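One structure below.
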Amino acid sequence: FLLRALHIYHLCSLYLWIEDREGKASYKFWTTFMHEVCPEVIVESKTNNRELVKAVKGLNDKENRYIIALDNSFDNQQV
């Protein structure tokens with residue numbers, strides 16, 4: 001799916017928004033993984049779950065595409 005999305009939207013930017021802070025192991029995982037698999041994807045940290053949800057709710061960008069990643073955890077009731 002991700003590769004097809006990159007193909008379709010080659011004229012726009014594709015972002016992966018995650019809830020993990022820069023420097024955390026999960027942030028390093030996503031940046032390394034995307035660099036190897038889909039280097040066109042721009043990984044952006046929204047610091048935490050609350051900030052990620054706020055960013056998604058405020059998203060008005062019609063030109064770019066966004067992949068939103070939330071972890072499925074007992075303390076993450078918004079998933």
Side-chain angles (χ1 to χ4, degrees):
F1 169 77
L2 185 58
L3 293 176
R4 187 172 52 168
L6 283 173
H7 234 356
I8 293 170
Y9 300 112
H10 68 278
L11 298 176
C12 64
S13 294
L14 182 59
Y15 294 90
L16 171 62
W17 280 1
I18 61 172
E19 60 182 325
D20 300 305
R21 281 189 330 269
E22 290 184 33
K24 287 185 74 176
S26 52
Y27 177 84
K28 291 178 184 178
F29 165 79
W30 282 114
T31 54
T32 302
F33 181 75
M34 285 294 132
H35 177 74
E36 294 297 322
V37 176
C38 300
E40 299 84 6
V41 175
I42 302 162
V43 178
E44 288 188 349
S45 167
K46 296 301 173 192
T47 308
N48 58 43
N49 183 27
R50 179 175 287 133
E51 295 302 315
L52 177 59
V53 171
K54 275 198 254 181
V56 170
K57 285 181 178 180
L59 190 59
N60 293 319
D61 184 355
K62 304 273 189 221
E63 294 181 23
N64 296 308
R65 298 293 173 243
Y66 295 84
I67 302 165
I68 311 301
L70 293 162
D71 61 9
N72 189 8
S73 176
F74 69 92
D75 65 342
N76 203 349
Q77 297 176 8
Q78 295 174 330
V79 171

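The structure displayed is predicted, hence computed values, not measured ones. If you read the sequence from its start, that first residue is 1, and numbering goes on from there.
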Do you know the tightest heavy-atom contact between [X] and [Y]?
{"X": "A69", "Y": "L16", "answer": "CB-CD1, 4.0 Å"}
{"X": "V43", "Y": "I18", "answer": "CG1-CD1, 4.1 Å"}
{"X": "E19", "Y": "N49", "answer": "OE1-CB, 3.0 Å"}
{"X": "K24", "Y": "D20", "answer": "NZ-OD1, 4.1 Å"}

| task | Would you please name every residue forming a side-chain hydrogen bond (donor to acceptor under 3.5 Å, both in side chains) with E22, sequence neighbours left out? | result |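 For E22, no residue satisfies side-chain hydrogen bond (donor to acceptor under 3.5 Å, both in side chains) once neighbours in sequence are set aside.
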| query | So do R21 and T47 actually touch side chain to side chain, heavy atoms under 4.5 Å? | reply |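 Answer yes - side chains close enough.
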| field | Student check: side-chain heavy atoms of I42 and S13 closer than 4.5 Å | value |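 Touching, per the 4.5 Å side-chain cut-off.
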| said: Under the rule for salt bridge (charged side-chain N to carboxylate O under 4.0 Å, His left out), what residues qualify as partners of E44, not counting sequence neighbours? | reply: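 Applying salt bridge (charged side-chain N to carboxylate O under 4.0 Å, His left out) to E44 gives K46.
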| request: Just grab all the ring pair (Phe, Tyr, Trp, His ring centres under 6.0 Å) pairs involving residues 49-70, residues at least two apart or on different chains. | output: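 Passing the test, one end in residues 49-70: Y15-Y66, W17-Y66.
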Anything under 3.5 Å between a donor and an acceptor, one on a side chain of residues 27-36, the other on a protein residue two or more places apart or in another chain? List them.
residue, atom, partner, partner atom, Å
T31, OG1, Y27, O, 3.1
T31, OG1, K28, O, 3.1
T32, OG1, K28, O, 2.8

